Amino acid sequence: MAERTTTRTIDQTDTPVFEHGSELVAGVVEWYRAEARDLPWRRPDATPWAVMVSEFMLQQTPVVRVLPVYEAWLERWPTPAALAAEPVGEAVRAWGRLGYPRRAQRLHAAATAVEEEFDGVVPSTYEDLWSLPGVGEYTAGAIASFAYQKRHIVLDTNVRRVLSRAVSGVEYPAPATTPGDRRIATALLPEAAADAAEWAAASMELGAVVCTARAPRCDDCPVAELCTWVATGKPPYDGPPRRGQTYEGTDRQARGRLLAVLRDTHGSVPREELEAAWTRDVVQRERALASLVDDGLVMVLDGERYALAH
DNA sequence: AAAGCGTGGAG
DNA sequence: TCTCCAAGCTT
């Protein structure tokens with residue numbers, strides 16, 4: 001019985017995605033064991049809930065800004081149940097200036113779901129995790145991997161950039177995860193779950209501190225000799241222009257200003273106080289305020305006063 | 001599936 | 001100064 005041919009699917013070939021795959025993984029992991037930053041969510045005493053909190057906070061926000069908020073958060077809400085027991089507005093307030101306050105709202109909703117659907121225990125499977133509000137492909141893999149040592153590809157912007165350069169020889173990855181990213185990550189994934197989990201952390205760390213977007217420190221890279229991008233002379237990015245996010249004068253900025261007023265005040269705020277927070281465009285202010293209410297971040301108490309939702 | 005969603009620091 | 005971008009998710 002030719003088992004080899006019967007188990008092979010039509011798009012598989014004998015050509016590996018990357019000749020130096022195992023060396024790449026080994027080199028990055030070895031470097032990680034020596035150089036990893038000591039981050040609180042990586043310590044042995046970090047609970048799955050702590051890992052989950054860190055992952056929510058780290059979605060689009062740098063480590064240094066997350067650290068103090070993370071510590072205060074876990075001190076106040078050491079379990080999902082503790083957070084679920086409080087109004088969403090308290091989560092939004094404690095979120096402070098991390099940005100994208102819907103993440104606080106979704107973390108609260110996720111805590112509630114953990115409490116109600118998973119007996120208060122942060123689920124350990126990829127599928128259950130992905131079912132939680134605010135948990136997508138990346139975060140599900142990250143929590144499964146870091147909190148439970150499961151074997152999953154973990155594709156964040158760091159890992160995608162590392163793979164883009166090392167494997168594909170391209171300076172920047174696509175704006176979002178592609179099937180090609182998944183194929184490469186899957187091919188590189190170590191067989192043993194514990195090894196896969198360590199590789200996930202290590203490849204993220206390399207992207208975060210060495211293989212950075214702006215000024216990669218290739219001289220300090222443990223796998224520069226294996227890197228396709230380096231080997232081909234670091235060709236500059238040659239794709240479609242990547243849209244930069246504007247911020248000044250946007251609805252997002254207006255929402256931010258309005259929410260900051262509510263965050264910094266306990267209880268409710270009179271409408272005039274919100275109006276004073278954004279005077280440059282009345283139409284925009286009203287649209288922003290309405291969207292905050294619509295999103296469930298803000299509550300209208302009577303037509304005159306506003307508060308963080310609960 | 002492209003666009004919306006905060007904020008602050010680094011180069 | 002100004003541009004880029006940082007452990008994405010949702011609709």
Side-chain angles (χ1 to χ4, degrees), chain A residues 32 36-37 39-42 46 50-70 92 95-107 109-110 129-147 152-162 171-179 181 185 197 200-209 211-217 237 240-263 277-278 284 287-288 291-292 294-297:
Chain A
Y32 179 74
R37 290 168 295 175
L39 300 173
W41 44 85
R42 285 180 182 161
V51 171
M52 181 168 152
V53 169
S54 77
E55 290 303 334
F56 270 75
M57 291 184 173
L58 289 163
Q59 291 170 359
Q60 302 282 279
T61 303
V63 167
V64 284
R65 288 177 50 209
V66 163
L67 286 169
V69 182
Y70 166 89
V92 173
W95 197 254
R97 308 188 66 81
L98 288 184
Y100 292 143
R102 338 179 111 153
R103 291 182 294 159
Q105 182 186 34
R106 288 171 183 157
L107 180 51
L129 286 163
W130 203 340
S131 77
L132 298 172
V135 176
E137 176 180 1
Y138 159 74
T139 305
I143 298 174
S145 183
F146 303 146
H152 292 287
I153 59 171
V154 178
L155 286 170
D156 77 323
T157 189
N158 290 306
V159 176
R160 293 195 303 111
R161 187 175 52 251
V162 167
E171 186 174 18
Y172 296 117
T177 301
T178 66
D181 293 337
S203 51
M204 285 176 66
E205 184 79 347
L206 188 74
V209 309
C211 194
T212 55
R214 202 74 72 86
R217 300 163 46 203
Y237 178 73
R242 308 183 296 153
R243 69 181 192 291
Q245 24 175 302
T246 54
Y247 183 62
E248 184 63 29
T250 60
D251 285 15
R252 267 151 81 184
Q253 187 183 28
R255 285 165 55 104
R257 292 289 171 80
L258 296 175
L259 205 58
V261 173
L262 273 341
R263 255 197 332 254
W278 192 265
Q284 185 178 43
R287 183 172 62 234
S291 74
L292 286 170
D294 193 58
D295 287 351
L297 288 165

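Source: prediction; values computed, not measured. All chains are named by letter (A, B, ...) in the order of the sequence lines, taking the proteins before the strands, and each is independently numbered beginning at 1. FYI, side chains are in, hydrogens and waters are out, and symmetry mates aren't considered; it's all heavy atoms of this structure.
In this structure a side-chain-to-backbone donor-acceptor pair under 3.5 Å is present from A:Asp156 to A:Asn158. A side-chain donor-acceptor contact under 3.5 Å links A:Arg160 to the backbone of A:Ala176.
Residue A:Arg37 is classed as a base contact, given a heavy-atom separation below 4.0 Å to a base. Backbone-only engagement by A:Arg255 is indicated by non-hydrogen atom pairs under 4.0 Å involving sugar-phosphate atoms exclusively. Note on A:Thr177: nothing from the nucleic acid sits closer than 4.0 angstrom, heavy atoms only. Contacts of A:Leu39 with the nucleic acid, taken as non-hydrogen atoms under 4.0 Å apart, include base atoms. Residue contacts for A:Ala213: at a heavy-atom cut-off of 4.0 Å it reaches the sugar-phosphate backbone alone, with no base atom in range. Residue A:Trp41 is in base contact, counting any heavy-atom pair closer than 4.0 Å across all strands shown. In this structure, A:Thr139 reaches the sugar-phosphate backbone alone: every heavy-atom distance under 4.0 Å involves primed, P, OP1 or OP2 atoms, never a base. As judged by a 4.0 angstrom heavy-atom cut-off over every strand, A:Ala176 is placed among residues making no nucleic acid contact. A:Arg263 comes within contact range of the sugar-phosphate backbone alone, with a heavy-atom separation under 4.0 Å but no base atom that close. Contacts of A:Pro175 with the nucleic acid, taken as non-hydrogen atoms under 4.0 Å apart, are absent.
To the nearest angstrom, P of B:dC5 lies 12 Å from CG of A:Leu258. Taking atom CZ of A:Arg97 as the reference point, atom P of B:dG9 lies 10 Å away to the nearest angstrom. Rounded to an integer number of Å, the gap from A:Gln59 CD to B:dT7 P is 16 Å. Atom-to-atom, CZ of A:Arg102 to P of B:dT7 comes out at 13 Å; the value is rounded to the nearest Å. The CD-C1' distance, from A:Gln60 to B:dG4, rounds to 12 Å in whole Å. Across the protein-nucleic acid pair, A:Gln253 atom CD and B:dG6 atom P stand 12 Å apart, rounded to whole Å. If you measure from atom CD of A:Glu248 to atom C1' of B:dG6, you get 13 Å, rounded to the nearest angstrom.
A donor and an acceptor atom, one from each side chain of A:Tyr138 and A:Glu55, are located under 3.5 Å apart. In this structure, a donor-acceptor pair under 3.5 Å is absent between the side chains of A:Arg161 and A:Thr212. A:Arg255 and A:Ser291 form a side-chain donor-acceptor contact under 3.5 Å, judged by distance and modelled atom types alone. Side-chain polar atoms of A:Tyr32 and A:Arg37 form no donor-acceptor pair below 3.5 angstrom.
If you check distances only, the side chain of A:Arg252 does reach the base of B:dG6 with a donor-acceptor pair under 3.5 Å.
When distances are taken from the side chain of A:Arg214 to each of B:dG6, B:dG9, B:dG8, the shortest belongs to B:dG9.
Nearest-nucleotide mapping onto DNA chain C: of A:Val135 and A:Glu55, the residue sitting toward the 5' end is A:Glu55. Nearest-nucleotide mapping onto DNA chain B: of A:Val64 and A:Leu259, the residue sitting toward the 5' end is A:Leu259.
Look at the P atom in both B:dG4 and C:dA7: the space between them is 23 Å, to the nearest Å. Spacing between C:dC9 and B:dG8 at atom P, rounded to whole Å, works out to 23 Å.
Salt-bridge annotation for A:Glu205 and A:Arg42: present, with a side-chain N of the basic residue lying under 4.0 Å from a carboxylate O of the acidic one.
Chain A approaches DNA chain C within less than 4.0 angstrom (heavy atoms of the protein), and the contacting nucleotides run 5' to 3' from C:dC4 to C:dT10.
Here A:Glu137 pairs with A:Arg182 under the salt bridge (Lys or Arg N to Asp or Glu O under 4.0 Å) rule; sequence neighbours left out.
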